[in-house]
Amino acid sequence: MNRLTPMMKQYMEIKNRYSDTLILFRLGDFYELFFDDAITASRELQITLTGRDCGLGERAPMCGVPYHAINSYINKLIMKGYKVAICEQVEDPAEAKGIVKRDVVRVITPGTLIDTDLLEEKKNNYLMSIYGDTKGVGLTYVDISTGELKTTEILKEKVEENLYDEICKVHPKEVIFYTNDSSLKEVIIDSQKSLNFYINKVEDWRYDYEYTLKHLKNHFNVISVEGLGFSYNHLGIQSSGALVDYLTITQKRTLSHLKKIQIYTLKETMVLDINTRRNLELTETIREKKKKGSLLWVLDKTMTSMGGRMLRRWVEEPLLSVEKINNRLNAVEVLKEDLLLRKELKEYLKNIYDLERLS
C-alpha cells in the first residue's frame, strides 16, 4: 500500500470501503476501473483492458468508459447482477492541496435505479425489505423512481406460503432481508430462483427494532410511528426502517420524495400464486416471457407511463372489496359511455410526461 501512487492510494481506500462493489472512478472525461474491477468490467462490457502505473512492480489492470455514455454501461452491469459505485471529485481542483479529494456519491443497485433511460416506462422497479421472526414477517417495498412506498405484515397461518406469493406479486428487482428462521430464508431463496432478483447483504443489526424505529421517525419527522398508522409492534416497522436506512446509505441524497408509507393487508386484494399468474399470462407470456400476447398487452391502451404502471398493478392485484370494485367500474363506465370526453381526455394525456419519475 505504501508503494502505491497517491491517486491509487486514494482509490484503494475507497475500494476497501466498498469491497463488494464495482468502483467507477472519475478521471477527467472517463470513469476508470482498476485491478479486479477492471478485469470484470472488461469481460462483461466487452471493452479493452489496458494498464496504468500504480507504484508497484507491475502495471495495474485498467479499463474506462466515457462519462457521457455512462448510463448505458451502468445498465449493462446492473442487468448482469453487479453493484456499481460512482466516485466523483468532491472538492474544487483549484482549492485542492495535493490530489483532488474523491468519494462515492451514489451506489447503484438493481432496486435503486432512478435514471429513466435505465427503467421500463410502464413497469415499476421495486426494492424490497423483509424482516422475519417467530411472530411472522414484515415486508416493505419501494420504487424510489416514483416515491411509492408500501408495507404489510404476514402473521399466523401459512406465513411461508403467503410470503412467497407476496414476493411473486411484487416481483422486486432487489431484496434485502433479515430472519433467523431457516424456513423463511428458504422461501426467499426459492423465490429468487423463480424471479431472478438480486439479493443484497446487509448487517443484521440494521434490522434492530430501536434502530429501525429511529430511522422511520426521523425520515417522516414524526414523534411516534402510530402517526404513520403503525401499531407499536407492527413487523413492518423493522422492514421499513431498514429499507429507509439502506436507501440513505446507498443514495447519499435527500429522500424527501418518499413522503408517505401505505400500510396494507393481504386481505385487500386477491392472492394469486406464481403458477396461477403464469398460466393466466397476466403480464407476460409463458413461453417468451414478454408482454406481447399477455392480458396486460391486450388491455394496455394507456397514454402515459403513469397510467401503464397503474394498470399493471390493477391486473396483478385484483380487488376483493365490492365497494371498491363498483367504484372502479363506475369510473370506467363514465369514460366508456362518453365518447367525446374520452377522446378529449386522451388528447390531453398525450402531452403529459412521467411526472412521478420527473419529480
Side-chain angles (χ1 to χ4, degrees), residues 107 109-112 124-144 148-195 197-220 222 224-251 255 258 260-269 271:
V107 178
T109 62
T112 58
N124 285 101
N125 193 74
Y126 289 125
L127 164 67
M128 178 179 284
S129 170
I130 300 169
Y131 168 78
D133 63 20
T134 54
K135 293 183 292 182
V137 171
L139 181 150
T140 307
Y141 60 94
V142 65
D143 181 342
I144 65 166
E148 179 187 355
L149 178 61
K150 292 184 177 181
T151 188
T152 190
E153 64 177 356
I154 305 170
L155 302 172
K156 299 178 182 176
E157 300 176 3
K158 299 181 178 179
V159 173
E160 290 88 355
E161 184 180 325
N162 286 332
L163 172 60
Y164 187 83
D165 290 340
E166 198 65 12
I167 294 173
C168 292
K169 181 193 81 176
V170 176
H171 202 147
K173 293 289 186 180
E174 178 182 355
V175 169
I176 59 172
F177 74 93
Y178 165 77
T179 179
N180 53 14
D181 186 317
S182 59
S183 61
L184 292 177
K185 189 177 293 185
E186 198 172 305
V187 169
I188 297 170
I189 300 302
D190 286 345
S191 60
Q192 183 196 30
K193 293 175 183 176
S194 299
L195 302 174
F197 53 75
Y198 182 80
I199 292 181
N200 217 330
K201 294 180 180 179
V202 296
E203 296 89 346
D204 292 350
W205 57 265
R206 294 191 181 278
Y207 279 88
D208 174 74
Y209 180 81
E210 293 299 332
Y211 183 80
T212 54
L213 185 68
K214 181 186 75 172
H215 271 281
L216 265 188
K217 291 194 291 188
N218 287 345
H219 175 76
F220 289 105
V222 293
S224 166
V225 288
E226 291 177 355
L228 299 173
F230 286 107
S231 58
Y232 79 95
N233 60 348
H234 194 288
L235 294 172
I237 292 172
Q238 277 150 288
S239 59
S240 301
L243 186 62
V244 170
D245 176 45
Y246 178 74
L247 290 175
T248 303
I249 293 168
T250 58
Q251 300 311 288
L255 300 172
L258 302 181
K260 63 179 181 179
I261 184 165
Q262 180 182 338
I263 303 171
Y264 70 97
T265 65
L266 300 188
K267 296 178 181 179
E268 292 177 23
T269 58
V271 176

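Quick caveat: nothing in here was measured; it's all calculated off a predicted structure.
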## Note on the structure
Taken in chain and number order and not counting sequence neighbours, the residues that satisfy side chain to side chain contact (heavy atoms under 4.5 Å, CB included) with T109 are K83, V107, T112, E174, N200, Y246
### Nearest-0.5 Å distance, NE2 of residue H215 to CG of residue L243
11.5 Å
### Query
Quick one: salt bridge (charged side-chain N to carboxylate O under 4.0 Å, His left out) pairs with a partner in residues 197-209, sequence neighbours left out?
E203-R206, R206-D245
### Message
Please give me the minimum heavy-atom distance between Q251 and I144, naming the atom from each residue.
### Response
OE1-CD1, 3.8 Å
### Message
The criterion is side-chain hydrogen bond (donor to acceptor under 3.5 Å, both in side chains); which residues satisfy it with N233, sequence neighbours excluded?
### Response
S231
### Message
Looking at every non-hydrogen atom in both residues, tell me the closest pair between Y264 and T152 and how far apart they are.
### Response
O-OG1, 2.7 Å
### Query
Is any side-chain heavy atom of I199 closer than 4.5 Å to a side-chain heavy atom of I189?
yes
### Query
Taking only residues two or more places apart in sequence or in another chain, which ones pass side-chain hydrogen bond (donor to acceptor under 3.5 Å, both in side chains) with E160?
S183
### Message
So, using ring pair (Phe, Tyr, Trp, His ring centres under 6.0 Å) as the criterion, who are the partners of F230 when residues are at least two apart?
### Response
H234
### Summary
Applying ring pair (Phe, Tyr, Trp, His ring centres under 6.0 Å) to H171 and not counting sequence neighbours gives none
### Message
Can you tell me how far apart CG (L139) and NZ (K169) are? Round to the nearest 0.5 Å.
### Response
8.5 Å
### Task
Apply side chain to side chain contact (heavy atoms under 4.5 Å, CB included) to S191 and list each qualifying residue two or more places apart in sequence or on a separate chain.
Y164, I167, F197
### Summary
Closest heavy-atom pair, N125 versus D143, reported as atoms and distance to 0.1 Å, is N-OD2, 3.2 Å
### Derivation of the side-chain contact (heavy atoms from CB on, under 4.5 Å) call for I130 and T179
CA-CA 8 Å; I130 300 169; T179 179; over 6 Å; no
### Task
Measure across M128 and E166 and return the closest heavy-atom pair with its distance rounded to 0.1 Å.
CE-O, 4.5 Å
### Interatomic spacing from CG in L213 to OG in S240 - rounded to 0.5 Å
11.0 Å
### Message
If the condition is side-chain hydrogen bond (donor to acceptor under 3.5 Å, both in side chains), which residues does Q192 pass it with, not counting sequence neighbours?
### Response
none
#### Entry: Flag, side chain of E268 to backbone of T265, donor-acceptor distance under 3.5 Å
yes
#### Entry: With K214 via side chain to side chain contact (heavy atoms under 4.5 Å, CB included) - residues at least two apart
N218
### Task
Apply side-chain contact (heavy atoms from CB on, under 4.5 Å) to V137 and L235, showing your working.
CA-CA 6 Å; V137 171; L235 294 172; 5.5 Å; no
### Message
Once salt bridge (Lys or Arg N to Asp or Glu O under 4.0 Å) is applied, do any residues pair with K150, and if so which ones, sequence neighbours excluded?
### Response
E148
### Query
How long is the gap from OH on Y232 to CD1 on I237, to the nearest 0.5 Å?
10.0 Å
### Message
Donor-acceptor check, side chain of D181 to backbone of T134, threshold 3.5 angstrom: yes or no?
### Response
no
### Query
Excluding sequence neighbours, so at least two apart, what forms side chain to side chain contact (heavy atoms under 4.5 Å, CB included) with V271?
D165
### Query
How long is the span from the OG1 atom in T212 to the NZ atom in K217, to the nearest 0.5 Å?
10.5 Å
### Query
What distance separates T151 OG1 from L228 CG, expressed to the nearest 0.5 Å?
11.0 Å
### Task
Check A242 against S129 and note the closest heavy-atom contact, atom names and distance.
CB-OG, 4.2 Å
#### Entry: Partner set under side-chain hydrogen bond (donor to acceptor under 3.5 Å, both in side chains) for D133, not counting sequence neighbours
Y131
### Query
Could you go step by step and tell me if L127 and L247 meet the side-chain contact (heavy atoms from CB on, under 4.5 Å) rule?
CA-CA 10 Å; L127 164 67; L247 290 175; 3.6 Å; yes
